[in-house]
2 protein chains.
Amino acid sequence: MEKKLSRAEQKARRPHEILDAAFEEFVEKGYAATRVEDVGARLGVTKGTVYLYFPTKEALFEATIGHVSAPFEDVRASIDALQGSHSDRLRQLLLLGYDKLAGDRKTRELLRLQLAEGSRFPNIIDRHYGEFVAPLLDAVRALIEQGVASGEFHQGAAASMPEVVISSAIHLTIWKLIFADRNPIDEATFIEAHIDLVLNGLLARRR
Amino acid sequence: MEKKLSRAEQKARRPHEILDAAFEEFVEKGYAATRVEDVGARLGVTKGTVYLYFPTKEALFEATIGHVSAPFEDVRASIDALQGSHSDRLRQLLLLGYDKLAGDRKTRELLRLQLAEGSRFPNIIDRHYGEFVAPLLDAVRALIEQGVASGEFHQGAAASMPEVVISSAIHLTIWKLIFADRNPIDEATFIEAHIDLVLNGLLARRR
DNA sequence: TATCGCTGACTTACTAGTTAGTCAATGGAT
DNA sequence: ATCCATTGACTAACTAGTAAGTCAGCGATA
């Protein structure tokens, strides 16, 4: 039990603690229904303390979104490091996507907050698009174009629209957000089916 | 200008008018931030009038969700009426899905409300699953199974997971909800790419 | 004129944001 | 090592504003 934190240490931790608590509250109640006092209460601290670190509830919300969006910077590097045939790399890319998006509760709930509050906080949408969505789509597009150039992938409409290749990962994320544990899906089977569909399609192969 | 409505006619219309107005307000502001007074104001009527028809704000919200979910009953019939090869019918089914889900603003915004408020109104989720999601998935699954049985579709993991076949429609819907008109997608190309991917996959066909 | 859909002022309850005051940690002096 | 003046993170009680829900009365309709 390390109840012994110096003042400086405690002060340095506060903003992080507050943002973590705020994220949980905003996820659970939404922006409007969240009370700043309840955010503080999660830390055993009063509303006044929260207002020492964040000037308004809006600023707290935007900082909270930035706080959980931060750990995305490594995704781009992971994508460039993939090895193997284009099919292999695409498979790995999709698995990575499931891990970071559908598999990570914080990322999932971030998507919920974007949908729920995005129209009132447009800048969180724009930031997320520039920092996460656009680079990811560019990486998928580049990978598919390489596969087409090498002859491994066929030249079809799907090759120019990377969204349709990754969209099942979005679907699973939304499913988990809406149904939580009420209508669970077998995720391993789902992911396998997705990869099978992306690579092979539905039509029987002629020989 | 038909300002001449009898009292009985006006009274019969009121609940519908209120629900239409409430839907717009809830979509724009979310449940918590919506003011009952503003719902009334859309009709040029005061808060008191709204409370003559709905006992609480919560009841108004649940009735609003039920109001916009209502017109789904015909979807099932449309699916059963499809004609042609299994590929043709699947294509028509997907086009129908885009039309009813991504293409219809009310349905799209209903999805947003489910995501945003579902955790505080669980029954709207359960109703929607039973009345819309489950029947749709069953129809897609049945169609794919018939295609596999006939030899037109190959027997793969995707055949048992109808979600991965329709998920691009969900993706486009989410995209439109989040980015509205800031990052528009060419929808015709998107849908074409989706159908191409579902039928052919990415791998080049051997000859 | 009797009815009744509607009004709008009112009550009640709640919350964002403020600020004067508290007290425990700190660190220099002895 | 001990004392103690100072700091500053935090609190608690406050203001000001807002919104849900109520109801006595109004006035157009039939």
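Just so it is clear: chains get the letters A, B, ... in the order the sequence lines come, proteins before strands, and each one is counted from 1. Here the structure is a predicted model, which is why all the values come from computation and not from measurement.
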Nucleotide nearest B:T56 when distance is taken to its side chain, options D:dG21, C:dA16, D:dC10: D:dG21

Mutual orientation of the aromatic rings belonging to A:W175 and A:H171 [parallel < 30°, tilted 30-60°, perpendicular > 60°]: parallel

Integer-rounded Å distance: C:dG8 C1' and B:D38 CG: 16 Å

Polar side chain donor-acceptor pair, A:E152 to A:S87, under 3.5 angstrom: yes

Sugar-phosphate only, base, or nothing, as touched by B:G40 at under 4.0 Å among non-hydrogen atoms: nothing

Length of the CZ-P vector between A:R13 and D:dC10, whole Å: 13 Å

Whole-Å distance separating the CG atom of A:L43 from the P atom of D:dC10: 10 Å

Nearest listed nucleotide, side chain of A:K11, among D:dA9, C:dT15, D:dA12: D:dA9

Length of the CZ-C1' vector between A:R14 and D:dG8, whole Å: 13 Å

Residue mapping more 5' on DNA chain C - nearest nucleotide basis, A:G48 or A:T34: A:T34

Test: B:E28 and B:R112 ion pair at under 4.0 Å: no

Nearest-angstrom distance from the residue atom CD of B:E37 to C1' of D:dG17: 15 Å

side-chain N/O B:Y53 vs C:dC6 OP1/OP2, d < 4.0 Å: yes

Whichever of B:A8 and B:A33 has its nearest DNA chain D nucleotide further upstream toward 5': B:A33

Side-chain N,O (A:T49) to OP1/OP2 (D:dC10) below 4.0 Å: no

Spatial distance of atom CG (A:D126) from atom CG (B:N183) [nearest 0.5 Å]: 7.0 Å

Length of the NZ-P vector between A:K47 and D:dA12, whole Å: 12 Å

Selection from C:dT7, D:dA19, D:dG21 that lies nearest to any side-chain heavy atom of B:R35: D:dA19

is_close_aromatic(B:F121, B:Y31), centroid dist under 6.0 Å: yes

Length of the OH-P vector between A:Y51 and C:dT15, whole Å: 12 Å

Distance, rounded to the nearest Å, where B:K29 contributes NZ and D:dT18 contributes C1': 13 Å

base_contact_polar (C:dG17 base, A:K57 side chain, donor-acceptor, <3.5 Å): no

